[in-house]
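Encoded as structure tokens, the structure appears first; notes follow it.
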Amino acid sequence: MTLLEITLLAPLLGGLLLALLGHRPIAGWINIAVGMATFGAALVMALEVFEHGPQLSAGRMFYIDAFNVYLVVLTAFVGLTTSIFSRPYMRHEVERGRVTDRRLRLYHSMYQCFLFSMLLALSTNNLGVLWVAMELATLTTVLLVSLYRTPEAIEAAWKYFILCGVGIAQALFGTVLIYFAAESKLGGDRDDTLLWTVLHSVAGGGLDPAVITLAFVFLLVGYGTKVGLVPLHNWLPDAHSEGPTPMSAVLSGLLLNVALYALVRVKMLVDASLHTNLAGNLMMGFGLLSFTVAGLFLHRQHDVKRMFSYSSIEHMGLITFGFGMGGPLATFGALLHMTVHSLTKSAIFITVGHACQLAGTQRIDQIRGLIRTQPAIGWGLLLGTVAIAGFPPFGVFISEFLLLMATMKAWPWLTIPLLVGFGVAFAGLARHVQRMVFGEPPPGQKPVEANMLPVVVHLFLVLWLGLAIPGFLARWFEQATVLISGASPL
Amino acid sequence: MEFAALSLYNQAIILFAALALFTSFIMLAQARMMPLIFTFAWQGLLLTVVSVLVAIASGHPQLHISAAITFCLKVVVIPYLLYRLSARLNMQYDAEVIEHPTLLLLGGVALVIFSYHVSQSIIHLSGLATRNTIAVSMAIELLGMLLMCARKSAVAQVIGFMSMESGIFFAAVVSTYGMPLIVELGLAFDILVASILFGVFFFHLRDSFGSLNVGQFNRLSEANQPMPSPEATEPSSGERS
Amino acid sequence: MSGAMIKMGIYGMVRVSFDLIGEVRWEWGIVVLIVGTASSLLGVLYALMQHDLKRLLAYHSIENIGIILMGLGMSMIFLGSGHRMLGTLGLVAALYHTINHALFKGLLFLGAGAVLYRTHERDLDHMGGLIHRMPVTAFLFLVGSVAISALPPFNGFVSEWLTFQTALQAPALENGLLRAMIPIAAALLALTGALAAACFVKAFGIAFLGKPRSRRAARAREVPVGMLGGMGLLAALCLLLGVFPTTVIEAMAPITQLLVHESLPSAAAQGWLWLTPISPEVASYSAPFVVAAIIVVHGLGYLFLRRRAIPALRAYPWDCGFGHLTSRMQYTSTAFSQPIRRVFGGVWKVEERIDTLAGGGPIPRVTSLHYDLHTQDWSWLKIYLPIGRLVLAAANRIGFIQTGNIHTYLKFSFATLLAFLWIVS
Amino acid sequence: MDSQLTAWALAAAQALLFIASAPLLAGWLRRVKCHMQNRAAPALWQPYRDLAKLLKKRMLLADNASWLFRAVPYIVFSAMLLAAAVVPLVAVNLPSAAIADLIVLVGFFALARFFTALAALDIGTAFGGMGASREMMVAALAEPAMLMAVFTLSMTANTTNLSVATAYILQSGLVLRPSFLFALLALAMVAVAETSRIPVDNPATHLELTMLHEAMILEYGGRHLALIEWATQIKLMIYAVLIVDLFFPWGIATDFSAMVLAVGVVAVAAKLMLIAVLLVVWETVLAKMRLFRVPQFLGFSFMLSLLAMLTHVVLETGG
């Protein structure tokens, strides 16, 4: 069994096992164990890829290169830490009566299935399977979003389901069009035609530009819905705020990344066959719009998880903008930003989850004085916010700075909206978080059982990435950058 | 190419495609629940027939498989599920009010023209005689989306969604003789799961909101929400350092 | 906190702009230089108007960041135009000032903390006379003040001197505009330095000198040895870094090697006694001599003047013959900065109000006088607040996107798709 | 090694000569002024007598004077002493010039001013506060103007080392640089402001509305006052020497033979006498200006120095 198979099978089998096992207390631990197995296998696989270069599995079904392997590791890692967090969190939710035992089983099972679908989406070599996995990810998370069965949760899940379903259907149409273009070019073995490796190798030779352009529009709208690009983003704040917090952490930290990954893969194809900057320009426009609008939305939030989900939209917009800009520096920055954003945002959601349990509500104006009631949570939230707002010495600062630099080089005038956007977003976060952390705690507020280990680990990693990108990681990013943009940033 | 010069198979394909498009329009205008579901099943059947015809005409036997899948899903399983659900939810005789039906149909016509315009740039690639059906498939997809936009009922939305999928599937059949098998299987699996989930959600929705009118779901609206009170607008430059 | 936090920002900038980007463009240098100059000047001007000690120090951080940025900007300009040595000089100046700022700002914040600890006052106008009650703190704060005001022989002076030296090499540039611009920036740096000195004369003078202005200040005690030790260490470092700059610059060589693959061998070419950043003919500075001279003068003064003199007599201050001196007759911090406030009037929004209450009687006599002064940065009023309002208004309006209605959302999606299809076809 | 030693000895001698002759310049200034204004003049060495008297007097300290108050005179004096040591009075190429360059010189002045202002605040009198506040304002405005003027010179000579700059100008002979003209004017105006002369300040009054520098040192007496007065005289002399040596360096000694040195002494004495006369004329024809006219005055000098710099860049380097 190859490492890749372990990486994929562990969550799949884990999901089945957890579905059979029911709600026993050990389920939480098994969840963690499966996460660990996945992460371990992914890490070893990553090291192998790092040493020996891209791997194509037997039957060419899976393709692992520098770009997706690091996302695989990131996914497995955040999946692991979130499962560590979710054990006490979900137990607390059961105690509060928000979740029944049956649903806890559903939660655990779906959690692993969701991880499986994301890992599949990342590692597959087939654009069609990529689409299938993305749809699967939607289906599994729909159940998780509606876990609490409150009217709001149901409503959010429904919107998520319909909007993402529609979106992903557009992506399917785009995939069909790509297949159409490739098929008319290649003929031959039909099963190979949608393979990424095959497509990428023929793309330079000229897939039909008109078809590819149309396909890209459909794919952009489709996967863009999942990325949460404005104006396709409307499902995102609902789904993030109404689902259980571990779900929000993985949705923000991982699902958006995977969708963006799909988009970038497609963009690589399109760029290779179009020789214009159409794809990049569309992505830049989309990204900038999302970045600005989401920053404004931050100001008007009453719900803390909703606020941070808008922050996710904002950062996704920024990353899309970066990838859209292309060029080694921007791509490097966008890759780095993807990483640090996932780490930071999942840490923030974990902290926010504890904070909400502490205050018994998600309403910002009722969460106060965290730092006094439970300093670990208060500091976690504060540092997380500082990090996500792009303050040095955290890694987000470095990646945002890189993106700014790249913008300054390629599109000097766009630096201004970017800087304004940073300011607006920071103000939006600061005005809410400051009061949540430092305000006067309401009487009778008691600390809760919290596992801050994932937060500490995540923030530490982000800090580390901000202080010094470790050599192997830098080379890794560099390889990925070369893959995507064709040139090295270093 | 002159239409009359086409083989009978191809003429039949184009005919059935036109009929499928027509069913889309019917769905758009159909206010009552049961006929809507049936129309959807009819559309599925037309697609199946097209697939089989294409399979025979082009000699791609694997299209038979996808035709079989389509038949099972779009003609049997999903309509049946929807029918059962409507019956259990006691809404099979419901009819919803369609606002501006004429405008909606005109919009549908515009969409057909639009998709024809869009597909003009790509159909030259196809070697198939029936390549103009690509425009039809895109139109079916867009009409499905229009249906979702226009209808208030959750069931109608699901039908619109499924109709979109049909359109895409149709596009795959007429442009490239279907997708690779693994993709088709995955797709079928996803659609099956989705339709089951939709069913589950109907109950949840009714439990939570008392109806399946999705237009009423706006608990999570931000449009009329006031801004958070501006407590913290005092200058805090002292903390700046 | 301030010292370290800001370091991080500079660190990030330096690291990214020199390390990752590699090729430095001089256009960016201009931007950095302008931003640095503006923030240093405005920072010190705003600081001057503060009477809250910590806030005053915070504004000085803005000023010092500006100075660091000036060094960096010039470094970028020189590097970008191919003058590697001079670029290194600018970088060394910036890095040196970064270290120095951390040291003296840390010292000053600790000092402010010590004062806060014993008097519970942050307002300068409620302090006064602390030099008698807290002599050691006063001395250490004075060291910090001298250092931040860029006076020899302390560390702040060295880095500012290096910045000046960098600026003076502007004739080496080909671009006439730059040649003219950089010296002007340097002159503004001089203005900043002089204003900083004025500000710290005010801060130290009002807080530590004169008579106590409040009961708390009158009852203050010296802080515990632990706190003094921390400050003492920083003060010693301030002096050491000021007196032995050559050693420091040599120690920084690996950093500059890493960043721009260059170091400044000429800086210490004449031995540790002489700091000669470019060559001894161009400029040199010997801090050890300065310290030695000050010590010698003090020694001679003691030998010839103090030792033989009769012990000094204590008396009322003369004060041009005015009578008894009370603490309320002293200059306040507001009064102290009044001339500068007049001169640079446009920089702040000044609200001045004088309430007089005239007593009754045939000849109106002023019985009570109340003076109220409120200064705010224009930048806050004219930039931040309107922008803040604008953002809030925009945020308020933009809520319409999130109607909560799934049909609206679907329409967005549909419209986007159609629009794009229209665009590309 | 031997020549090194001689050079150092000469440097020390020059510094001593500098500080020793500073009161003489002040005396000369006063004398000329009296003549100009038809008053009976004091003796040329009257300043020495004043200093000696002050040095001998018993100290009288305000009762709340702190240690800072007592240390300030020494700090101020040593700053001026150092400044005097680096300015080439009689000869260039002396090793002491390397201790500090023009910028450090400005730094010394700033150091002295900083501590004088602090000492003024120490007692807590309103006069002290007023003096300190005004002095710092004037300094803030004068310093950039002065540095700009100095920068013009040092950009021409490509050095901030005073001795090297003087030697450069001496060597290049008579060059009619417009930038130098502007810089000279600017520097002269700054010097007037910095040495507390009319029209910025009036060193001779104790009228509260007019005084700047005097207000700061009101509470000093005895040897402290002597040191501060002496330092002030040195400062005046430094400015005078700066102007004459930087702009009119002719006659200054470039090697250390006795003859050349003697010529240097005579030349500098003559030039200083002349500039003192000019200063007196200036002070006699002008009236003290209102405090808030001072910024305009210094602004004008800043503009001049800016002009100097720009003419240097635009006209003289052909950039």
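To find a chain, count down the sequence lines: A is the first, B the second, and so on, and within it residues start at 1.
Ranked by non-hydrogen atom pairs under 4.5 Å with chain C, the options D:Ile103, D:Leu147, D:Leu102 are led by D:Ile103. Chosen from D:Ala226, D:Ser154, D:Ala65, the residue pairing most often with chain C at heavy-atom distances under 4.5 Å is D:Ala65. Annotation: maximal heavy-atom pairing with chain C below 4.5 Å, among D:Phe77, D:Phe108, D:Trp67, occurs at D:Trp67. Ranked by heavy-atom pairs under 4.5 Å with chain C, the first of D:Val164, D:Val104, D:Leu82 is D:Val104. Looking only at heavy-atom pairs under 4.5 Å with chain C, the residue among D:Leu162, D:Thr125, D:Leu61, D:Leu68 that has the most is D:Leu61. Ranked by non-hydrogen atom pairs under 4.5 Å with chain C, the options D:Asn161, D:Leu81, D:Asn64, D:Ile123 are led by D:Asn64. Contact tally against chain D (heavy-atom pairs below 4.5 Å) for C:His298, C:Gln330, C:Gln338, C:Lys211: the top residue is C:His298.
Comment: D:Arg223 does not engage D:Glu229 in a salt bridge, judged by the lack of any side-chain N to carboxylate O separation of less than 4.0 angstrom.
Only the side chain of D:Arg70 has a heavy atom closer than 4.5 Å to any heavy atom of chain C. Proximity to chain D is absent for every atom of C:Ala172, based on heavy atoms less than 4.5 angstrom apart.
For the residue pair C:Asp125/C:Ser333, the side-chain donor-acceptor check at 3.5 Å is satisfied.
Here the straight-line distance linking atom CG of D:Leu187 with atom CE of D:Met146 works out to 5.5 Å at 0.5 Å rounding.
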